[in-house]
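Every value quoted in this text rests on a predicted model; they were computed, and no experiment measured them.
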Amino acid sequence: MHWTILIKSHPDASGNPVLQGLRMAAAALADGIPVSLFLSEEAASLALHIENPGDRQKVHHDLIAEIQELGAEIYVIGLDWMHAVGSLTLIPGIKVASMKTLVRQMRLSDQVVAL
């Protein structure tokens with residue numbers, strides 16, 4: 001069994017789908033279910049290393065670290081805008097991927113969750 005979780009919502013979105021997706025990934029991993037986590041669209045910014053994160057960003061980054069420690073592969077899609085902003089740093093261990101990678105992983109997964 002393998003899950004793919006795609007988070008594309010804004011980190012401050014109503015109902016907090018980003019937090020729910022990260023918590024779901026951590027819970028699945030803790031229960032022995034392998035997870036591939038993809039950050040896309042408005043959630044792609046979660047992959048960026050921030051020196052002094054705000055409270056919500058800190059919670060998200062702590063969960064991302066926990067998810068990594070539990071063995072998940074974390075990918076970010078769509079960071080083309082980074083070139084316009086300049087040199088930004090990703091959280092160590094997060095890989096840049098393409099839609100092709102996401103589609104392949106979704107095809108191999110038993111469960112796909114998009115938030």
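- Side-chain contact between Asn16 and Arg56 is present, with heavy atoms from C-beta onward closer than 4.5 Å.
- Separating the CE atom in Met24 from the CG atom in Leu29 is a distance of 12.0 Å, to the nearest 0.5 Å.
- Ile50 and Val76 are assigned to two separate hydrophobic clusters, defined by single-linkage of ILVMFWY side chains at heavy-atom distances under 4.5 Å.
- Applying the ring pair (Phe, Tyr, Trp, His ring centres under 6.0 Å) rule to pairs touching residues 95-115 yields nothing, sequence neighbours excluded.
- Criterion: ILVMFWY side-chain heavy atoms under 4.5 Å apart, direct or through other members. Under it, Leu6 and Met1 are not part of a common hydrophobic cluster.
- Residue pairs meeting the ring pair (Phe, Tyr, Trp, His ring centres under 6.0 Å) criterion with at least one member in residues 15-35, sequence neighbours excluded, do not occur.
- Sequence neighbours left out, not one pair with a member in residues 15-39 passes salt bridge (Lys or Arg N to Asp or Glu O under 4.0 Å).
- Considering only heavy atoms from C-beta on, Glu42 stays 4.5 Å or farther from Ser9 through its side chain.
- For the ring pair (Phe, Tyr, Trp, His ring centres under 6.0 Å) condition, the pairs that include at least one residue of residues 34-55, sequence neighbours left out, are Phe38-Tyr75.
- Rounding to the nearest 0.5 Å gives a distance of 10.0 Å between CD of Gln57 and CG of Asn52.
- Atoms CG and CG, on Leu39 and Leu90 in that order, are 10.0 Å from each other to the nearest 0.5 Å.
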Without placing hydrogens or testing angles, list every side-chain donor-acceptor pair under 3.5 Å for residues 108-115, not counting sequence neighbours.
from, atom 1, to, atom 2, distance (Å)
Ser109, OG, His2, ND1, 3.3
Ser109, OG, Thr4, OG1, 2.4
Ser109, OG, Gln105, O, 2.8
Asp110, OD2, His2, N, 2.8

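- Residues Leu19 and Leu63 are in side-chain contact: their nearest non-hydrogen atoms beyond the backbone lie under 4.5 Å apart.
- Contact record, Glu66 with Ala26: OE2-CB, 3.9 Å, taken as the closest heavy-atom pair.
- Side-chain contact between Leu48 and Ile91 is absent, with no heavy atoms from C-beta onward closer than 4.5 Å.
- In plain terms, the two heavy atoms of Ala25 and Ile67 that are nearest each other are CB-CD1, 3.8 Å.
- No side-chain heavy atom of Ile7 sits less than 4.5 Å from a side-chain heavy atom of Ser40.
- To the nearest 0.5 angstrom, Asp12 atom CG is 8.5 Å from Ser45 atom OG.
- Of all non-hydrogen atoms in Pro11 and Leu46, the two that sit nearest each other are CG-CD2, 3.9 Å.
- The minimum heavy-atom distance between Val35 and Ala28, with the atom names listed, is CG2-CB, 3.8 Å.
- In this structure, CD1 in Ile64 is found 5.5 Å from CD1 in Ile74, a value given to the nearest 0.5 Å.
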Tabulate below the donor-acceptor pairs under 3.5 Å that side-chain atoms of residues 92-104 make, not counting sequence neighbours, or state none.
from, atom 1, to, atom 2, distance (Å)
Lys95, NZ, Glu73, OE1, 2.5
Ser98, OG, Lys100, N, 3.3
Ser98, OG, Thr101, N, 3.4
Ser98, OG, Thr101, OG1, 3.4

